[in-house]
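The analysis underlying the following values was restricted to heavy atoms, covering all of them including side chains, and did not include hydrogens, waters or symmetry mates.
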Amino acid sequence: MPGYSEFYFNVDHGYLEGLVRGFKAGILTSSDYVNLAQCETLEDLKLHLQTTDYGNFLANETGPLTISTIDDKLKAKLLTEFHYFRNHAFEPLTTFLNFITYSYMIDNVILLITGTLHQRPIAELVPKCHPLGSFEQMEAVSIASNPTELFNAILVDTPLAAFFQDCLSENDLDEMNIEIMRNKLYKASSCYISYLEAFYKFCEKQGGTTAEIMRPILEVRKIQSLYILS
């Protein structure tokens with residue numbers, strides 16, 4: 001019946017749509033950026049941000065502010081909001097949000113692979129990983145002692161297994177072709193669906209605004225990966 005689709009939409013997605021509208025209203029305005037550009041110190045920047053929807057995300061920082069501290073706190077704020085949003089999402093939105101994290105997971109795995117092959121300590125590598133790309137098995141990847149163990153850890157213990165299969169081999173790890181491997185993971189292989197193709201097909205299946213917005217974004221990403229590999 002007419003109007004019932006909107007009713008069912010609100011049952012599953014009305015709360016999240018309200019959150020999105022709230023996040024949109026909290027985006028910094030052009031006047032905010034003008035004021036931020038006029039700040040002479042990081043403390044001035046902190047004071048101005050307290051008047052926006054960013055609120056008191058730096059309130060517990062009592063020592064001298066640094067750029068890295070602000071960056072870490074902003075990432076933590078983003079992570080909290082993203083996880084809250086995903087935890088309250090229904091399908092297919094949950095899968096869409098998971099696809100967003102896979103990109104960061106791939107970068108984190110590449111970082112851990114690079115560090116493992118260069119004998120870097122895990123305590124030094126984990127803080128450099130992007131928080132949106134964290135996953136339970138991440139440290140299992142980092143403690144592999146040789147390329148074979150590393151390869152098996154990637155294929156078995158991570159959510160990225162489907163994207164790694166037939167996209168790389170143990171030889172890739174032995175040769176330390178890290179950047180080539182990174183782009184192999186993003187690039188579609190001839191036999192298996194890579195991350196970008198899987199995301200693209202998922203968005204195509206959803207149709208509507210999702211497909212309209214995401215198609216050109218993912219097409220550009222694929223072109224960039226092909227260009228780097230060529």
Side-chain angles (χ1 to χ4, degrees), residues 23 26 28 36 39 41-46 49-50 52-87 97-161 163-164 167-168 172-186 195-196 199 221 224-225 228:
F23 289 146
L28 297 180
L36 289 174
C39 292
T41 67
L42 294 180
E43 289 296 334
D44 292 341
L45 183 142
K46 174 182 175 180
L49 287 178
Q50 287 177 347
T52 70
D53 278 19
Y54 282 84
N56 298 319
F57 79 104
L58 292 172
N60 295 328
E61 295 301 317
T62 56
L65 282 179
T66 64
I67 294 175
S68 60
T69 298
I70 295 174
D71 182 60
D72 290 342
K73 291 298 181 180
L74 286 173
K75 286 180 179 177
K77 182 177 185 298
L78 170 65
L79 188 66
T80 299
E81 293 172 349
F82 182 89
H83 282 172
Y84 183 85
F85 195 89
R86 185 174 60 179
N87 291 341
L97 295 174
N98 285 337
F99 266 113
I100 291 176
T101 66
Y102 292 158
S103 173
Y104 296 99
M105 287 183 188
I106 290 173
D107 286 338
N108 286 350
V109 168
I110 296 299
L111 175 63
L112 295 176
I113 289 173
T114 306
T116 300
L117 294 175
H118 289 86
Q119 309 299 317
R120 300 281 289 277
I122 180 61
E124 179 183 334
L125 297 172
V126 170
K128 296 181 180 180
C129 291
H130 196 289
L132 273 181
S134 297
F135 51 94
E136 292 179 0
Q137 305 91 336
M138 193 164 69
E139 292 197 15
V141 173
S142 66
I143 62 176
S145 60
N146 57 63
T148 299
E149 290 182 7
L150 188 59
F151 182 75
N152 290 331
I154 294 170
L155 289 180
V156 176
D157 293 331
T158 78
L160 305 174
F163 310 130
F164 278 75
C167 287
L168 60 91
D172 290 319
L173 299 179
D174 287 332
E175 296 166 6
M176 297 195 301
N177 295 323
I178 301 302
E179 287 303 319
I180 293 177
M181 182 167 58
R182 180 200 301 272
N183 289 285
K184 280 186 177 181
L185 300 178
Y186 283 116
Y195 161 69
L196 288 175
F199 199 0
R221 293 288 298 278
Q224 289 174 337
S225 295
I228 294 174

Parallel, tilted or perpendicular, judged at 30° and 60°: which one describes the rings of F85 and F23? tilted

For Y84, enumerate each residue passing the ring pair (Phe, Tyr, Trp, His ring centres under 6.0 Å) test, keeping only those at least two apart in sequence or located in another chain. H88

To the nearest 0.5 Å, what is the distance between CG (L42) and CG (L58)? 9.5 Å

Would you confirm whether T101, through its side chain, and N98, through its main-chain N or O, come within 3.5 Å as a donor-acceptor pair? yes

Measuring from K73:NZ to L65:CG, what's the distance to the nearest 0.5 Å? 10.5 Å

Heavy-atom count check: over 12 atoms from other residues, nucleotides or ligands less than 6.0 Å from N60 CG? no

Say you draw a straight line from CZ of F82 to CG of N87; how long is it, rounded to the nearest 0.5 Å? 9.5 Å

Output the distance between atom CD1 (I67) and atom CG (D72), rounded to the nearest 0.5 Å. 12.0 Å

Minimum heavy-atom distance M105-G133, with the two atoms named: CG-O, 3.4 Å

Heavy-atom side-chain proximity of I70 to L45 below 4.5 angstrom: yes

Output the distance between atom NE2 (H83) and atom CG (L132), rounded to the nearest 0.5 Å. 6.5 Å

Check whether any side-chain N or O of Y195 sits under 3.5 Å from a backbone N or O of F99 as a donor-acceptor pair, and report yes or no. yes

Looking at H130, is its backbone amide N or carbonyl O close enough to the side chain of N108 to form a donor-acceptor pair, meaning the two atoms are under 3.5 Å apart? yes

Flag if over 12 foreign heavy atoms under 6.0 Å of NZ, K46: yes

Spacing of CG belonging to L49 relative to CG belonging to D44, to within rounding of 0.5 Å: 11.0 Å

